Asker: 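Let me give you the structure first, and then I'll get to my questions.
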Amino acid sequence: MGSRKHERPLSPNIQIYRPQLTSVLSIANRITGVVLTGCGFILVIWLVAAASGPDAYSQFQRIVGSWPGLLLLLAATFAFFLHLCGGIRHLIWDSVRAFELKQIYASGWTVVAASLVLTLLSWVVGMIIAGQN
Amino acid sequence: MERHRIQTPLGRAVGLGSAKSGFEHWWMERITAVALLPLGVWFAGSLIAQSGSDYRTFVAWLGAPVNTVLMVLLLITLFWHAALGFQVVIEDYVHSDAKIWALLAARFICFAAAGIGILATLGVAVEIWTAS
């Protein structure tokens, strides 16, 4: 580290490059990871509400069931599946497979498509079940 | 393809690579990731199944031994994975003296959240078990 007295010119960084699927999915995996940690805290609040009794639980349900709450839940669902599918992609890479550029793009679009489909499917099934309850 | 080894024989025997705890971090991130695959699918599926359910239904579900155990495992794995991930994010972006405090805070908050979540889950479970 040390003190930096002279500001030296830096090599071009991310702000100068055109966004590509590879770079966008890379940072998306990190962002969704951070978002899902936040969701983990909400899960803990939910469990504490359940442990505190019916009143606290219904209050939590009211907040999640509100329009902003549902919208955030939808975003969280997509973040969940994107991180899950992206994580599987990373685990495949860890086994030193699918590193050709073509395969990287194919797996990348698969992650995006699968996340969208799974999010949609979850909400359709969830709303059907909620309608029956 | 044979991979070139540029390690010393001792380094190869010890098997830690150049960093002291880097491999452990990388490996635990993978172990928790693999564990989170079935736990995450179980959790998502359960949430969908519990859509619109009231307090009684949810608490009865959480108090079922299988779900209690899986929820505790999810909380441990989730926050372990989160702590490891957050550590890398902080190390990458925080370069001031605040770095060490950010690292400590991230780890502390993740451990605390896991602890609180586990306690709440067990609290619900005990209530259900003693009631039935």
Side-chain angles (χ1 to χ4, degrees), chain A residues 1 4 27 29-61 64-65 73 76-77 80-81 83-88 90-91 93-96 118-119 121-133, chain B residues 1 3 26-27 29-30 32-34 36-37 40-41 43-45 47-59 61-63 71 74-75 78-79 81-86 88-89 92-93 95-97 99 106 109-110 112-127:
Chain A
M1 287 282 165
R4 288 175 206 147
I27 194 62
N29 208 53
R30 183 164 276 198
I31 292 168
T32 50
V34 174
V35 167
L36 289 170
T37 308
C39 294
F41 297 141
I42 295 172
L43 167 66
V44 170
I45 293 170
W46 183 25
L47 292 169
V48 169
S52 306
D55 294 338
Y57 189 79
S58 63
Q59 199 172 350
F60 179 86
Q61 264 193 326
V64 175
L73 195 60
T77 314
F80 171 81
F81 284 121
H83 198 81
L84 184 85
C85 297
I88 293 170
H90 268 281
L91 288 171
W93 284 340
D94 289 338
S95 69
V96 205
L118 287 168
T119 304
L121 204 69
S122 301
W123 275 72
V124 169
V125 175
M127 285 200 286
I128 291 169
I129 292 172
Q132 287 169 344
N133 275 338
Chain B
M1 188 184 80
R3 287 172 208 165
W26 185 89
W27 185 235
E29 204 169 46
R30 266 68 194 171
T32 49
V34 171
L36 278 170
L37 294 178
V41 170
F43 179 69
L47 268 194
I48 294 165
Q50 292 291 321
S51 296
S53 70
D54 57 4
Y55 171 74
R56 252 171 211 291
T57 324
F58 177 73
V59 167
W61 170 81
L62 187 62
M71 184 59 83
L74 175 74
L75 287 163
L78 169 78
F79 283 111
H81 191 77
L84 293 172
F86 246 97
V88 179
V89 173
D92 281 356
Y93 304 131
H95 301 299
S96 64
D97 292 340
K99 184 169 114 172
I109 290 167
C110 284
I116 295 165
I118 290 167
L119 195 68
T121 305
L122 293 180
V124 170
V126 167
E127 215 168 298

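Quick caveat: nothing in here was measured; it's all calculated off a predicted structure. No hydrogens, no waters, no symmetry mates; every other heavy atom, side chains included, goes into these values. Here is the naming used below: chain letters follow the sequence lines, and residue numbers restart at 1 for every chain.
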Asker: Check each atom of A:Leu91 against the heavy atoms of chain B and say whether the ones under 4.5 Å are side chain, backbone, both or neither.
Answerer: side chain
Asker: Are any non-hydrogen side-chain atoms of B:Leu47 and A:Phe80 less than 4.5 angstrom apart?
Answerer: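 No, too far: nothing below the 4.5 Å cut-off.
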Asker: Could you have a look at B:Ala120, B:Gly52, B:Ser51 and say which one has the most heavy-atom pairs with chain A under 4.5 angstrom?
Answerer: B:Ser51
Asker: Counting only non-hydrogen atoms closer than 4.5 Å, does B:Ile118 touch chain A with its backbone (N, CA, C, O), its side chain (CB onward), both, or neither?
Answerer: neither
Asker: Heavy atoms only, distances under 4.5 angstrom: which of B:Val59, B:Leu37, B:Leu78 has the most pairs with chain A? Name it, please.
Answerer: B:Leu37
Asker: Below 4.5 Å from any heavy atom of chain B, which atoms of A:Trp46 appear? Answer side chain, backbone, both or neither.
Answerer: side chain
Asker: Tell me, for B:Ile109 versus chain A, whether the close heavy atoms (under 4.5 Å) come from the side chain, the backbone, both or neither.
Answerer: both
Asker: Which residue pairs pass the salt bridge (Lys or Arg N to Asp or Glu O under 4.0 Å) test with at least one member in residues 30-46 of chain A, sequence neighbours excluded?
Answerer: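 Qualifying pairs: A:Arg30-B:Asp92.
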Asker: At a 4.5 Å cut-off on heavy atoms, which part of B:Leu122 comes close to chain A: side chain, backbone, both, or neither?
Answerer: neither
Asker: Once rounded to the nearest 0.5 Å, what's the spacing between atom CG of B:Leu62 and atom CG of A:Leu47?
Answerer: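 Answer rounded to 0.5 Å: 6.0 Å.
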Asker: I'd like to verify something: which residue of A:Gly65, A:Gly87, A:Ser122, A:Gly33 has the highest number of heavy-atom pairs under 4.5 Å with chain B?
Answerer: A:Ser122
Asker: For chain B, which residues of residues 49-59 of chain A have at least one non-hydrogen atom nearer than 4.5 Å to it?
Answerer: A:Ala50, A:Ala51, A:Gly53, A:Pro54, A:Tyr57
Asker: So, for B:Phe79 and A:Thr37, which heavy atoms are closest and what is the spacing to 0.1 Å?
Answerer: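 In terms of heavy atoms, the two residues are closest at CE2-O, 4.5 Å.
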Asker: Under 4.5 Å heavy-atom distance to chain A, tell me which part of B:Val89 shows up: side chain, backbone, both or neither.
Answerer: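 Both the backbone and the side chain of B:Val89 come within 4.5 Å of chain A.
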Asker: If I take atom CD1 from residue B:Ile48 and atom OG1 from residue A:Thr77, how far apart are they, to the nearest 0.5 angstrom?
Answerer: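 The OG1 atom of A:Thr77 is 8.0 Å from CD1 of B:Ile48, to the nearest 0.5 Å.
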Asker: For the candidates B:Ala44, B:Ser53, B:Ala125, which exhibits the highest count of non-hydrogen atom pairs separated by less than 4.5 Å from chain A?
Answerer: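 Most heavy-atom pairs under 4.5 Å with chain A: B:Ser53.
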Asker: Where does A:Phe60 contact chain B at under 4.5 Å (heavy atoms): side chain, backbone, both or neither?
Answerer: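 Neither part; nothing is under 4.5 Å.
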Asker: Taking only distance into account, with no hydrogens and no angle test, what donor-acceptor pairs under 3.5 Å do side-chain atoms of residues 38-45 of chain A form with protein atoms, sequence neighbours excluded?
Answerer:
none

Asker: B:Trp61: which residues meet the ring pair (Phe, Tyr, Trp, His ring centres under 6.0 Å) condition with it, sequence neighbours left out?
Answerer: B:Trp42, B:Phe58
Asker: Between B:Gly123, B:Gly45, B:Gly117, which residue shows the highest count of heavy-atom pairs closer than 4.5 Å to chain A?
Answerer: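 When all of B:Gly123, B:Gly45, B:Gly117 are compared, B:Gly117 has the most.
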Asker: Quick check for you: to the nearest 0.5 Å, what is the distance between A:His90 atom NE2 and B:Glu29 atom CD?
Answerer: 9.5 Å
